[in-house]
Amino acid sequence: LAKTTQPISMDSYEGQEVNITCSHNNIATNDYITWYQQFPSQGPRFIIQGYKTKVTNEVASLFIPADRKSSTLSLPRVSLSDTAVYYCLVGDRNTGFQKLVFGTGTRLLVSP
Amino acid sequence: EPEVTQTPSHQVTQMGQEVILRCVPISNHLYFYWYRQILGQKVEFLVSFYNNEISEKSEIFDDQFSVERPDGSNFTLKIRSTKLEDSAMYFCASSEGHGPSNEKLFFGSGTQLSVL
């Protein structure tokens, strides 16, 4: 699986847009990019997944440039409850993601 | 939204004792997983299970660990002789299966295992 690199931490204020960028230079043709969120003492929670260009759901947007060597998770108008660790994962959808490998993630702290 | 349930939420045991962690995956899911997270560290993959057999396991998942699906609803992780370093939060997860729908893993809230 392709290795990912994310910032260790980010700070933001309520109401701001937060963009977390993940590098995955060795992404393979079949790899999809998936983001999970984890609150303290809880299991990770799926946020969004994409292959190229832009994907948007009710929670976030995911921007993937043409070369797919990076991706950016965008959280619009964050609130205090968005304080969590965000993980970027890259894996082969065709193999079933049987072995998701979590990195250290990005610890987002949202302040009032 | 359907959810994965894990019991107990906390388990304290003595070193050398056997523990069984229990999970009820989402009912129509076919793939099951165990992950663990030592305090302050990464979420680590342990094992995946499909069609009543292990499909993949990590180097952490040694002979002290075993998994079982004893009936149609439960999925268990057994640690035969616990060590201090087994202390961690253990997460069960499930997914629908192969193909486009299986990329979304649903995680339980975890069992915090403390080995004394």
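Order of the sequence lines sets the chain letters (A, B, ...), proteins ahead of strands, with each chain counted from 1. Here the structure is a predicted model, which means the values were calculated and not measured.
Residues B:Val115 and B:Leu46 share a single hydrophobic cluster, defined by chaining ILVMFWY side chains whose heavy atoms lie under 4.5 Å apart. Both A:Ile48 and A:Val59 belong to a single network of hydrophobic side chains, linked directly or stepwise wherever heavy atoms of I, L, V, M, F, W or Y lie under 4.5 Å apart. One hydrophobic cluster, built from ILVMFWY side chains closer than 4.5 Å, holds both A:Tyr86 and A:Val90. Transitive grouping of hydrophobic side chains (ILVMFWY, heavy atoms separated by less than 4.5 Å) brings B:Met15 and B:Leu21 into a common cluster. B:Val19 and B:Leu39 fall into different hydrophobic clusters, where Ile, Leu, Val, Met, Phe, Trp and Tyr are joined by side-chain heavy atoms under 4.5 Å apart, directly or via other members.
Within the 4.5 angstrom heavy-atom criterion, no atom of B:Gln112 approaches chain A. Looking at A:Phe39, there are no atoms closer than 4.5 Å to chain B (heavy atoms on both sides), in backbone or side chain.
With A:Tyr36 contributing its side chain and B:Leu105 its backbone, the two residues share a donor-acceptor pair below 3.5 Å.
Summarising the local packing, NZ of A:Lys52 is surrounded by 12 or fewer heavy atoms from other residues, nucleotides or ligands at distances under 6.0 Å. For A:Ile8, the CD1 atom is loosely surrounded, since the number of other residues' heavy atoms within 6.0 Å does not exceed 12.
Distance check, rounded to the nearest 0.5 Å: CZ of B:Phe107 to CD of A:Gln42 gives 13.0 Å. Note that OG of A:Ser41 is 7.0 Å distant from NE2 of B:His10, once rounded to the nearest 0.5 Å.
Scanning both residues, B:Lys104 and A:Phe46, for their nearest heavy atoms gives CG-CG, 3.6 Å. Minimum interatomic distance between A:Phe102 and B:Val43 (heavy atoms only, all atoms of both residues): CB-O, 3.5 Å.
Residues of residues 61-70 of chain B lying within less than 4.5 angstrom of chain A, judged on heavy atoms, are absent.
Looking only at heavy-atom pairs under 4.5 Å with chain B, the residue among A:Pro44, A:Gly103, A:Gly43 that has the most is A:Pro44.
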